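To keep things clear, I will list the structure first and then write my remarks on it.
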Amino acid sequence: MPARRPAKNACVLPPLGMDASSLCSDTRHYLFHTLGAEEETGSKKDLYTALSMSLRDRLVERWKKTHKKVMEEKGKRTFYLSLEFLLGRTMGNALLNLGLEEAAGAALEQEHRQLTDIIETEPDAGLGNGGLGRLAACFLDSCASLGLPVTGYGIRYSYGMFRQEIRAGEQVEEPDHWLKNGYPWELKRPERVRHIHFFGRSDVYKDAQGKLHHRWVDTHDVLAVPYDIPIPGYRNEVVNTLRLWRAASTDIFDLGEFNAGAYPEAVAAKNNAEHISMVLYPNDSSENGKELRLRQQYFLASASLQDVMADWVAVHGENFTHFAEHHCFQLNDTHPSCAVPELMRLLMDEHGLDWDSAWKITSHTMAYTNHTLLPEALERWPVRLFRQLLPRLLEIIFEINGRFLQEVARRAPGDNALLQRLSIIEENGEQMVRMAHLAVVGSFSVNGVAALHTELLCDELFADFHKLWPQKFNNKTNGVTPRRWLQWANPALRELLTEQIGPDWKNDLDHLKALAPFAEDATFRKRWDAVRQINKARLARLVLEQTGVHFIPGAMLDTQVKRIHEYKRQLLNALHVIHLYDRIKRGEGSEVTPRNVLFAGKAAPGYFMAKRIIKLINNIANVVNHDADTAGRLRVCFLPDYRVSLMEQICAATDLSEQISTAGKEASGTGNMKFMMNGALTIGTLDGANIEIRDAVGPEHFFLFGLNAQEVSQLRGNYHPEVYLQADHDLQRVMDLLHSGYFNAFEPGIFDPIMHTLNNPHDPWMVLADFTSYKLKQQEAAALWRDQTEWQRLSILNSAASGVFSSDRTIREYNADIWHLKPLVMTP
Ligand SMILES: *Cc1c(COP(=O)(O)O)cnc(C)c1O
């Protein structure tokens, strides 16, 4: 029996104990009774599972209370629809938010185990690619911590983001079977299963009153089975829900489709249904247009909307008059934007509403967040595919488009070019559904994720829409949760902060401002540095263990970790590393500030250039690290399998954060914010949230370089890489080294494609254009590093100014401008 405070009536469950001994006895109960562990001390894995179950009990307790409260209040709720939730590990977050860290440590001591060892046995839940998926996870944490009734909806992929191995310098993808030991944080909810339609055709029929209706018939159905993960708020007794859908086959055997005697084939065909939730597509910032991906998107949208509607109908029957006042659906990029026509379908075909009523509800409940301006990432699906897979949805999309274009024609008579530009259907060549247009037309709010990004949305990508509906557009600069990215990732800093400025920053990150005066305090700077040394030593051990690279003690840790993509310009950083190496080789070693340069990140498996960039970085590392001349000056490391739990260690240890994308291409970035919070200085372009980071900390405390977005777009068509080569002798030498095969002695020609893009006047990322200003800014950073007093001072000021990048601030803005939810107040 789980340990509880004594009760008079044995059938009433009193609250679960929140002390070490309750946690210890519950954990033992699960270990020996539920898991059947044999020995007095269970294995690490068993202990992890048993402790998770004990914590989950405590979460479930609060979960039920929260749910009850939400139902009683009958207020408005938001549903965050996302194909990705990059959660990382859950145990540490649960301990932190429940305030059970110390109790769990003490409980495990009695099992002769270290809490950190147990925590590290948990695999990351890698149900996302990068920034977009991690944002969804940070948002859920902030919503719960602010007491907002927000539910996440996603897909329970059997295989998350692939595990990256590096063999002979190249990325090798291994499947991530993260569920193989079970996932103790989820609860299956089979009673809330939903039927999802595919294929078939749209049919028209007359009801008893002679009214015409549509229905989707002859469908192949798939079941959506929900699994709930508790999302605890920070010490506020609130626990929200992340509901993830798994696809399963219906048990209806359509034997008629198979030849007599093909029973085994009929059963085997059921497997197909399960494929929908099998694997996360590993593409970041690019679409791949596979049919299975569209099935995933519709599967999520339909299951989630049906789920919400079922709760409404259970209380209000078929009366949807007040539905829109009570619901908001936030679409995380266009991935779930099938929700627009699907809500129309459910309201009309399943609940009998007419078009106008259904449209009023739909267009007042949907809100769309755009995450990228890159054309290769804008989703477009062939009309042909839609017609086959989702025929009724296509019909509705055509009707939405027809009515929308009529409105445009009324407002701008005769402007056919405008109609073509705005249409949801692209007509040049094969007809395509433009998902971004569908999302904009169907939503009452459209937001970008940083000030510059929103500006570019309004002026460029969605300029025509912005003219039509300026009031729809708004900015919500991203943020990250300070629970995971400061408190949890950096316990040493957490203690120091609280000692110095008190505990208020834990509930309101703006209180970090109080740190700023202590930047001038030598004693505090010493303690600040001591914390950073602890984190750097921890990361250096990990790097050594994972890669065999010995980081130089006391050297600057210069880090670029993020998805590998040409627009993020890992290549620019790699060229700079070659330049530092070249300086050492030409005898300027004593002038080169000691650096450890850390790279990590995954490339999409089909992205040739990104994979070749990984190979280049590894080859450079191999040459640099094995050259005796670089001793004590330069180390380069590519750390494999970048993921949330790695970033927790990396961001706490980094001195210099590399945010060097081509201006205008990075929508926001959130890695930049994690680094800043933990006291890194940023070297970066005027891109995404870098601009706001620089504004917050002050331009004199930020290493700015490179072209701005306007200069990049003006240079397009007139870009001549050779001009930059001729103007910078150092760059010339770097390119000559590359060209000579210095980094690919036994692999002739492998870097030719890289040199070709660098020298190409059509290089969209304009790497060479920014090299010289990057190099000079790196020299400034290096000079500052030699003045440790000054560096620590700026490090403190960066952290002190990072409060605005808490996702709590972001979510407050979503709530004030878009959702309008009333916070829940729970009593313990
Ligand atoms: C924060 C984070 C990202 C986003 O990083 P950017 O530098 O903003 O691209 C991607 N992946 C993981 C694992 C992260 O923690």
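Counting starts at 1 for both ligands and their atoms, in listed order. Since the model is a prediction, treat every value here as computed from it, not as a measurement. Numbers here are sequence positions counted from 1.
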Atoms of ligand 1, numbered as shown, that sit under 4.0 Å from any heavy atom of Gly669:
8 (O)

Regarding ligand 1, does Arg643 bring an N or O atom to under 3.5 Å of one of the ligand's N or O atoms?
no

Ligand 1 to Glu666 polar contact by distance, N or O atoms, under 3.5 Å:
no

Are Lys674 and ligand 1 in contact, using a heavy-atom cut-off of under 4.0 Å?
yes

Which residue from Gly130, Ser668, Ala689 reaches closest to atom 10 (C) of ligand 1 through any of its heavy atoms?
Gly130

Test: Glu648 and Arg484 ion pair at under 4.0 Å:
yes

Does an N or O anywhere in Arg563 fall below 3.5 Å from an N or O of ligand 1?
no

So Met435 and Asp333, do their side chains get closer than 4.5 Å, heavy atoms only?
no

Does the pair Glu101/Arg494 count as a salt bridge with the N-to-O cut at 4.0 Å?
yes

Run the salt-bridge test on Glu173 and Arg163 with the 4.0 Å N-O cut-off and return the result as yes or no.
no

Under a 4.5 Å cut-off applied to non-hydrogen side-chain atoms, are Glu658 and Gln778 in contact?
yes

Decide whether a cation-pi geometry holds between Arg156 and Tyr227; the criteria are a distance under 6.0 Å from NZ or CZ to the six-membered ring centre and an angle within 45° of the ring axis.
yes

Salt bridge or not for Asp808 and Arg483, using N-O below 4.0 Å?
yes

Going by heavy atoms, is Lys568 under 4.0 Å from ligand 1?
yes

Under a heavy-atom criterion of less than 4.0 Å, does Phe675 contact ligand 1?
no

State the atoms of ligand 1, each with its element, that fall below the 4.0 Å cut-off from a heavy-atom position in Met647.
15 (O)

